[in-house]
Amino acid sequence: MPIQIYNTLTRKKETFEPLDPERVTLYACGPTVYNYAHIGNARPAVIFDLLYRVLSRRFPKVIYARNITDVDDKINQTAADEGVPIDVISRRYAAAYHEDMAALGVGRPTVEPRATEHIPHIIAMIERLIERDCAYEAEGHVLFNVEQFSDYGSLSRRNRRELIAGARVEVAPYKRHPGDFVLWKPSTAEQPGWDSPWGRGRPGWHIECSAMSAAHLGEVIDIHAGGQDLVFPHHENEIAQSRCAHQTDTFARYWMHNGFVTVEKRKMSKSLGNTLIVHELLKQWPGEVLRYVLLSAHYRQPLDWSEKSLHQAQATLDRLYGQLDGIDLEATDPDDEVIAALEDDLNTPTALARINTLARELAHSEQPGLAAELAARLKASAGCLGLLQRDPADWLASRQVEAEIDETEIDELIAERNAARRSRDFARADQIRDELAEQGILLEDGPEGTQWKVAAR
RNA sequence: GGCUAGGUGGCAGAGUGGUUAUGCAGCGGCCUGCAAAGCCGUGUACCUCGGUUCGACUCCGGGCCUAGCCUCCA
């Protein structure tokens, strides 16, 4: 079965056939680096990183571009507030983004273009749009002329009239059509800016992705991805710009959009003040737990974030790591069904279900040889999702280090309890167990002696 | 108002025109001095009303409800 992808353009699941199987092109809209990423920002990073891995299994060369928006009014504002140049802000938060995403098991894309490094590309593209009468200059701005692009609205399934009717924002007087959007805008002396044929200014938001996509991947690309909230206007505008500038029928052949992370069913967003910062979450939870939660729902569905889902993911991973612990693992191929699930429009819940079934088979297996084989397959399969790659002993041990408890005292109490048990003073033994339980310490009597661990949160 | 997506067992969350999702929690059992962990077993769910069909949770139509986009946003 070839790879299936749900295409926003057609609202259908389609077989993925790249333009050039020797060179598959994927572009995902990356972060605007003006503060720390929240878990909602992490979802597309995790999902499209997974897509990149899935594609890379099938095709010899996949070029994955994920941009960094490093000039933007919010960055400008933060920089102005701190009294520093914008690159101080953008570098700081780009570094934080890389660090946080790495903790979630997200790899680096093939290329990571930055807007400020593509100003000449952007200017050249705008010039071409003006030449082709797709854009016009007005009061120092350059605007895209949506009237010149008959397909405008085809991705988001809107027409220009609806856009006017639904407009919630006052239309700038210099716009010819209310739907026209800014390609280039003037900068004041204090604002960052670049010289251009239209004076000193800076690019609008949409144009950078079009310019960078063309520069690194080509005029027509295979897949363009991003969050659902980018469908309109961002991606709609990208299509208009790119197709007008390059005179093509197509910009991206497949469009993929991830659903939102919600909190109590409401979209996580900065304006609602319900964001959970990845950097903060990582202080409490292993990155892999966050990743598991993000993969537990299908990427196109909303994902309601909760403490409960974190506990559940932690419990599941603890069990899986526990099963791998102590088994010598050899590299092997992943399970076919896991691959099939992932290749079916990234069906991660089904893939995880299969992984859990493999884990049960492993638990059932009696012969050591078979167990080792199953364990290896389990690890390889989970690896396709970026899970279960840590050393099981380390994972399980790290659960204990999290608590700041006097280990010597615990060890002494355990010794005393074991002495009581030997003399069959079970009342005293149970008393010690209870005392430790109150401190959140669970005792486990096993063949290797008594182990302790921190109670589940 | 326009457009879009979705309503599945206690919770989370896939999927299918007639057969077990899976996870977490719960319950019963094995094990244990007692526990814990682990393992075994267990739960006849699919918003509503019509229609199509031998048969629909699954297809079609109406309704109700929820979320999202239409403004920066992953």
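Below, chain A is the first sequence line, B the second, and so on; all start at residue 1.
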**Student:** Out of rG33(B), rG13(B), rC69(B), which nucleotide sits closest to the side chain of Arg158(A)?
**Tutor:**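 Taking heavy atoms from C-beta onward, the closest nucleotide is rC69(B).
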
**Student:** Distance between the C1' atoms of rC65(B) and rG26(B), in whole angstroms?
**Tutor:**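 Comparing C1' positions in rC65(B) and rG26(B) gives a spacing of 29 Å.
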
**Student:** Grab the OH-P distance between Tyr292(A) and rG13(B) for me, whole Å please.
**Tutor:**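 Nearest whole value for this atom pair: 13 Å.
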
**Student:** What does Ser306(A) touch in the nucleic acid at a heavy-atom separation under 4.0 angstrom: a base, only the sugar-phosphate, or nothing?
**Tutor:**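 Ser306(A): no heavy atom of the nucleic acid under 4.0 Å.
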
**Student:** Check every atom of rA74(B), rA37(B), rC69(B) against the side chain of Glu444(A) and return the nucleotide holding the closest atom.
**Tutor:**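 Side chain of Glu444(A) sits closest to rA37(B).
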
**Student:** Can you check the Leu324(A) CG to rA37(B) P distance for me, whole Å?
**Tutor:**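 Those two atoms, CG and P, are 19 Å apart.
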
**Student:** Within the 4.0 Å heavy-atom criterion, would you say Ser309(A) contacts the bases, only the backbone, or no part of the nucleic acid?
**Tutor:**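 Ser309(A): no heavy atom of the nucleic acid under 4.0 Å.
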
**Student:** Can a donor-acceptor pair under 3.5 Å be found between the side-chain atoms of Arg433(A) and the base atoms of rA35(B)?
**Tutor:**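 Counting by modelled atom types and ignoring angles, a donor-acceptor contact under 3.5 Å is found here.
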
**Student:** For the side chain of Asp229(A), counting heavy atoms from C-beta on, which of rC69(B), rA14(B), rA5(B) is nearest?
**Tutor:**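 Comparing rC69(B), rA14(B), rA5(B) against the side chain of Asp229(A), the answer is rC69(B).
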
**Student:** In terms of side-chain heavy atoms of Arg319(A), which of rA14(B), rA74(B), rG38(B) is nearest?
**Tutor:**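 Closest of the options to the side chain of Arg319(A): rG38(B).
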
**Student:** Quick one, which residues of residues 334-348 of chain A touch RNA chain B with a heavy atom under 4.0 Å?
**Tutor:**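 Those residues whose heavy atoms fall under 4.0 Å from RNA chain B, taken from residues 334-348 of chain A in numerical order, are Asn347(A).
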
**Student:** Over how many whole Å does the gap from His235(A) atom NE2 to rC70(B) atom P extend?
**Tutor:**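 Atom-to-atom, His235(A) to rC70(B), this comes out as 13 Å.
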
**Student:** Can you tell whether the side chains of Arg66(A) and Asp49(A) come within less than 4.0 Å, N to carboxylate O?
**Tutor:**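 Between Asp49(A) and Arg66(A) there is no salt bridge, as every charged N stays at least 4.0 Å from the carboxylate O atoms.
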
**Student:** Let me spell it out: for each of Gly446(A) and Gly30(A), pick the nucleotide of RNA chain B with the closest heavy atom. Which residue's pick is nearer the 5' end?
**Tutor:**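 Closer to the 5' end of RNA chain B: Gly446(A).
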
**Student:** State the pairing partner of rU19(B); accept Watson-Crick or G-U wobble contacts with both distances under 3.5 Å, and report none otherwise.
**Tutor:**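 With both distances under 3.5 Å required, rU19(B) matches none.
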
**Student:** For Gly226(A), which contact category applies under a 4.0 Å heavy-atom criterion: base, sugar-phosphate, or nothing?
**Tutor:**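 Gly226(A): backbone/sugar contact only, no base atoms under 4.0 Å.
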
**Student:** Treating Asn7(A) as the side-chain partner and Arg253(A) as the backbone partner, does any N or O pair qualify as donor plus acceptor under 3.5 Å?
**Tutor:**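 Indeed, once roles are kept as given, a pair shorter than 3.5 Å links the two residues.
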
**Student:** Going by the angle between their ring planes, with limits at 30° and 60°, are Tyr152(A) and Phe232(A) parallel, tilted or perpendicular?
**Tutor:**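 Ring orientation of Tyr152(A) relative to Phe232(A): perpendicular.
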
**Student:** Do any N or O atoms from the side chain of Asp222(A) and from the backbone of Thr25(A) form a donor-acceptor pair under 3.5 angstrom?
**Tutor:**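 Yes, the answer is positive, given that a donor and an acceptor are paired below the 3.5 Å cut-off.
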
**Student:** Any strand counts, and the cut-off is 3.5 Å on both contacts for Watson-Crick or G-U wobble. Which nucleotide pairs with rA35(B)?
**Tutor:**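 Looking at the geometry, rA35(B) pairs with no nucleotide.
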
**Student:** Would you mind reading off the distance between Leu443(A) atom CG and rU32(B) atom C1', rounded to a whole angstrom?
**Tutor:**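 Leu443(A) atom CG is separated from rU32(B) atom C1' by 14 Å.
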
**Student:** Using atom P in both nucleotides, what's the gap between rU58(B) and rG62(B) to the nearest angstrom?
**Tutor:**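 The answer is 15 Å between these two P atoms.
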
**Student:** Among rG33(B), rC24(B), rA74(B), which nucleotide sits nearest the side chain of Phe426(A)?
**Tutor:**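 Selected nucleotide: rG33(B).
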
**Student:** Using a cut-off of strictly less than 4.0 Å between a heavy atom of the residue and any atom of RNA chain B, enumerate the qualifying residues of residues 349-361 of chain A by number.
**Tutor:**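 Result for residues 349-361 of chain A: Pro349(A), Thr350(A), Ala353(A), Asn356(A), Thr357(A), Arg360(A), sorted by number.
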
**Student:** Name the atoms and distances for all side-chain donor-acceptor pairs under 3.5 Å in residues 371-381 of chain A, with sequence neighbours left out.
**Tutor:**
residue: Arg377(A); atom: NH1; partner: Asp335(A); partner atom: OD1; Å: 3.1
residue: Ser381(A); atom: OG; partner: Asp335(A); partner atom: N; Å: 2.9
residue: Ser381(A); atom: OG; partner: Arg377(A); partner atom: O; Å: 2.7

**Student:** Considering only atom C1', compute the distance from rU66(B) to rC30(B) and round it to an integer number of Å.
**Tutor:**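 Their C1' atoms lie roughly 45 Å apart.
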
**Student:** Please classify the nucleic acid contact of His257(A) as base, sugar-phosphate, or nothing, using heavy-atom distances under 4.0 Å.
**Tutor:**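 Answer is nothing: His257(A) stays at 4.0 Å or more from every strand.
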
**Student:** Measuring only between side-chain heavy atoms, which start at C-beta, is Asn76(A) closer than 4.5 Å to Tyr34(A)?
**Tutor:**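 Result no, sub-4.5 Å side-chain heavy-atom pair not found.
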
**Student:** Is the distance from OP1 or OP2 of rG68(B) to the nearest side-chain N or O of Arg266(A) less than 4.0 Å?
**Tutor:**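 Yes, within the criterion.
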
**Student:** Among rG2(B), rG33(B), rA74(B), which nucleotide sits nearest the side chain of Lys270(A)?
**Tutor:**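 Between rG2(B), rG33(B), rA74(B), the one nearest the side chain of Lys270(A) would be rA74(B).
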
**Student:** Take Arg421(A) and Arg11(A), find for each the nucleotide of RNA chain B with the closest heavy atom, and name the residue whose nucleotide sits nearer the 5' end.
**Tutor:**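 Taking each residue's closest nucleotide, the earlier one in sequence belongs to Arg11(A).
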
**Student:** Any base atoms under 4.0 Å from Gly322(A), or only sugar-phosphate, or nothing? Heavy atoms, all strands.
**Tutor:**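 Nothing, no heavy atom under 4.0 Å.
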
**Student:** Using the side-chain heavy atoms of Gln301(A), tell me which of these nucleotides is nearest: rG6(B), rU4(B), rA74(B).
**Tutor:**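 Selected nucleotide (nearest to the side chain): rG6(B).
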
**Student:** When you compare rU44(B) with rC11(B), how far apart are their P atoms, in angstrom units rounded to a whole number?
**Tutor:**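 Taking atom P in both rU44(B) and rC11(B), they lie 16 Å apart.
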
**Student:** Nearest to the side chain of Arg424(A) - rC24(B), rG33(B), rA14(B)?
**Tutor:**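 The answer is rG33(B).
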
**Student:** Flag the pair Arg417(A) and Asp430(A) as a salt bridge only when some basic side-chain nitrogen lies within less than 4.0 angstrom of an acidic carboxylate oxygen.
**Tutor:**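 Salt bridge absent between Arg417(A) and Asp430(A).
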
**Student:** Please determine if Arg91(A) and Asp70(A) form a salt bridge, counting it only when a charged side-chain N lies under 4.0 Å from a carboxylate O.
**Tutor:**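 Looking at Asp70(A) together with Arg91(A), the answer is no, because their closest N to O distance does not fall below 4.0 Å.
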
**Student:** Any idea which of rC72(B), rA12(B), rA74(B) is nearest the Lys267(A) side chain?
**Tutor:**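 Of all the options, the side chain of Lys267(A) is nearest to rA74(B).
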
**Student:** Would you mind reading off the distance between Leu303(A) atom CG and rA5(B) atom C1', rounded to a whole angstrom?
**Tutor:**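 Result: 15 Å.
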
**Student:** Base, sugar-phosphate, or nothing for Leu230(A), non-hydrogen atoms under 4.0 angstrom?
**Tutor:**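 Contact class for Leu230(A): sugar-phosphate only.
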
**Student:** With a 4.0 Å cut-off, would you call Glu288(A) and Arg291(A) a salt bridge?
**Tutor:**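 So Glu288(A) does not pair with Arg291(A) through a salt bridge.
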
**Student:** Do the charged groups of Lys185(A) and Asp73(A) touch, with an N to O distance under 4.0 Å?
**Tutor:**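 Judged by the 4.0 Å cut-off on N to carboxylate O distance, Lys185(A) and Asp73(A) do form a salt bridge.
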
**Student:** Please determine, for rU48(B), whether a Watson-Crick or G-U wobble partner exists with both distances under 3.5 Å, and give it or none.
**Tutor:**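 rG62(B) - that is the nucleotide pairing with rU48(B), both distances being under 3.5 Å.
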
**Student:** Both distances below 3.5 Å, Watson-Crick or wobble geometry, any strand: find the nucleotide opposite rC69(B).
**Tutor:**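 Its partner is rG2(B).
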
**Student:** Test for a donor-acceptor pair under 3.5 Å between the base of rG23(B) and the side chain of Gln312(A), counting only N and O atoms.
**Tutor:**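 Indeed there is one.
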
**Student:** Is any N or O donor-acceptor pair between the side chain of Asp73(A) and the base of rC72(B) shorter than 3.5 Å?
**Tutor:**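 Looking at the base of rC72(B), it does not pair with any donor or acceptor on the side chain of Asp73(A) (distance under 3.5 Å).
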
**Student:** Output the rounded distance in Å from NZ (Lys265(A)) to P (rC65(B)).
**Tutor:**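 That distance rounds to 18 Å.
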
**Student:** Roughly how many Å apart are rG10(B) and rU48(B), using the P atom of each and rounding to a whole number?
**Tutor:**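 Each nucleotide's P atom is 14 Å from the other's.
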
**Student:** Verify whether the ring centers belonging to Trp305(A) and His38(A) lie closer than 6.0 Å.
**Tutor:**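 No, ring centres 6.0 Å or more apart.
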
**Student:** Confirm from the modelled atom types if Arg300(A) and rG68(B) form a donor-acceptor pair under 3.5 Å, side chain to base only.
**Tutor:**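 Between rG68(B) and Arg300(A), which were checked side chain against base, a qualifying N/O pair under 3.5 Å is absent.
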
**Student:** Could you state the atom-to-atom distance from CG of Leu436(A) to P of rC34(B) in whole Å?
**Tutor:**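 To the nearest whole Å, that distance equals 20 Å.
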
**Student:** Considering only NZ, NE, NH1 and NH2 on the basic side and carboxylate oxygens on the acidic side, decide whether Arg57(A) and Glu343(A) come within less than 4.0 Å.
**Tutor:**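 Not counted as a salt bridge, because no side-chain N and carboxylate O are separated by less than 4.0 Å.
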
**Student:** When the ring planes of Tyr321(A) and Trp395(A) are compared, do they come out parallel, tilted or perpendicular, using 30° and 60° as the limits?
**Tutor:**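 Aromatic pair Tyr321(A)/Trp395(A) classed parallel.
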
**Student:** Can any side-chain N or O of Thr350(A) pair as donor or acceptor with the backbone N or O of Asn347(A) at less than 3.5 Å?
**Tutor:**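 No; judged by distance alone, with no hydrogens or angles, the pair does not exist.
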
**Student:** Quick check for you: among rU4(B), rA36(B), rC70(B), whose closest atom lies nearest to any side-chain atom of Leu442(A)?
**Tutor:**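 The closest nucleotide is rA36(B).
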
**Student:** Can you check the distance between rU42(B) and rA5(B), where both ends of the measurement are the P atom (answer in whole Å)?
**Tutor:**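 Approximately 39 Å lies between the P atom of rU42(B) and that of rA5(B).
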
**Student:** Please give the distance between the C1' atoms of rC57(B) and rC49(B) as a whole number of Å.
**Tutor:**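 Taking atom C1' in both rC57(B) and rC49(B), they lie 15 Å apart.
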
**Student:** When the P atoms of rG43(B) and rU16(B) are compared, how many Å lie between them, rounded to an integer?
**Tutor:**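 These two P atoms come out 24 Å apart once rounded.
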
**Student:** Taking pairing as Watson-Crick or G-U wobble with both contacts under 3.5 Å, can you name the mate of rG28(B), or confirm there isn't one?
**Tutor:**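 Per the H-bond distance test, rC40(B).
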
